[in-house]
Amino acid sequence: MSVNDDIPFNRDFPLAPGVVDEVVPGVRRILCDNPSPFTFTGTVSYIVGRGKVAIIDPGPVNETHAQALLDAVRGETVTHIFVTHTHLDHSPGTARLKAATGATVYAEGQHRASRQRYGSELAPTESGADYAFRPDAVLKDGDVVEGDGWRLEVVATPGHTANHIAFAWPERKLMFIGDHVMGWSTSIVAPPDGSMVDYMASLERLTHRDEQLYFSGHGPEIPDAVRFVKFLIRHRKAREESILYRLAKGEADIPTIVRASYIGIDPRLVGAAGYSVLAHLEDLVARNIVATDGDPTIDGTYRLVVPLA
Ligand SMILES: [Zn+2]
């Protein structure tokens with residue numbers, strides 16, 4: 001049994017690193033060669049427009065990838081660089097591209113956690129946070145940035161990180177969704193970097209929008225995207241139910257819940273799964289459904305506030 005067999009994932013993504021792929025007119029994508037259990041085949045950077053273009057998510061520090069992006073836009077002008085969020089597989093390549101092109105860098109802001117860190121907490125990371133990143137221009141929800149032949153609207157999508165934003169292209173009914181929604185896997189939501197409350201609210205918002213084609217930070221494009229988002233919402237609600245079921249059987253710690261609910265998981269993802277469970281527990285504690293002693297942390301024990309009869 002697969003861990004997420006309730007979501008119609010698509011892991012068919014034959015794009016090779018460094019190859020320029022014009023996936024729809026005006027959207028080119030290039031894969032960076034940084035595969036891992038967290039990044040799938042690697043980070044996907046996007047080139048928007050033709051002639052005067054924007055680059056979305058330059059990727060990690062990787063000279064081969066930077067050269068591939070610069071080769072792809074040879075003879076063109078890069079006017080904008082957009083960053084969806086400040087993880088090490090998305091934003092650190094920005095400095096190299098800015099130096100080469102002089103483009104203006106747009107993002108929601110520098111890296112920050114979704115909440116205060118508790119005293120007992122170490123810093124958990126997905127691929128790690130890019131604390132050095134600073135945008136030239138700060139974007140907020142609803143901002144519109146126009147270029148030559150394209151117009152992108154900022155959609156705040158906190159949850160995976162506090163500063164995560166997506167870029168909608170309303171006229172084309174498509175969206176660059178970063179790591180908020182991925183076609184190959186669920187996203188990591190790891191407190192205090194991430195927040196389950198924010199993540200669920202950000203998913204919910206997408207269901208009220210028109211964009212039906214998503215381009216993610218990792219993996220293939222997602223057609224029929226709103227339907228896919230509804231699967232993700234249902235999946236997280238089912239995960240919450242299974243955690244409550246586990247707690248109904250008695251007080252439990254996070255490793256116990258992970259062992260019971262993530263059957264067949266890649267051993268390299270067990271740590272991340274623990275933080276996902278913590279994200280749910282933190283939400284449940286805030287809603288006064290679950291109790292713990294002290295702050296909700298990764299090594300705490302948890303119980304139902306009102307035990308089931
Ligand atoms: Zn990523």
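One-based numbering, in listed order, for ligands and for the atoms of each.
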| note | Of all N, O or S atoms in D89, the one closest to the Zn ion (ligand 1) is OD2

| the Zn ion (ligand 1) contact by H218, N, O or S atom under 2.8 Å | yes

| query | Does the side chain of I30 come within less than 4.5 Å of V44's, by heavy atoms? | reply | no

| task | Could you list who else is in V144's hydrophobic cluster, with ILVMFWY side chains joined at under 4.5 Å, directly or through other members? | result | none

| Close side-chain approach of F228 to V181, heavy-atom, < 4.5 Å | yes

| What distance separates E108 CD from T161 OG1, expressed to the nearest 0.5 Å? | 8.0 Å

| task | Looking only at N, O or S atoms, find the one in D179 nearest to the Zn ion (ligand 1) and name it. | result | OD2

| query | the Zn ion (ligand 1) to H85: any N/O/S contact under 2.8 Å? | reply | no

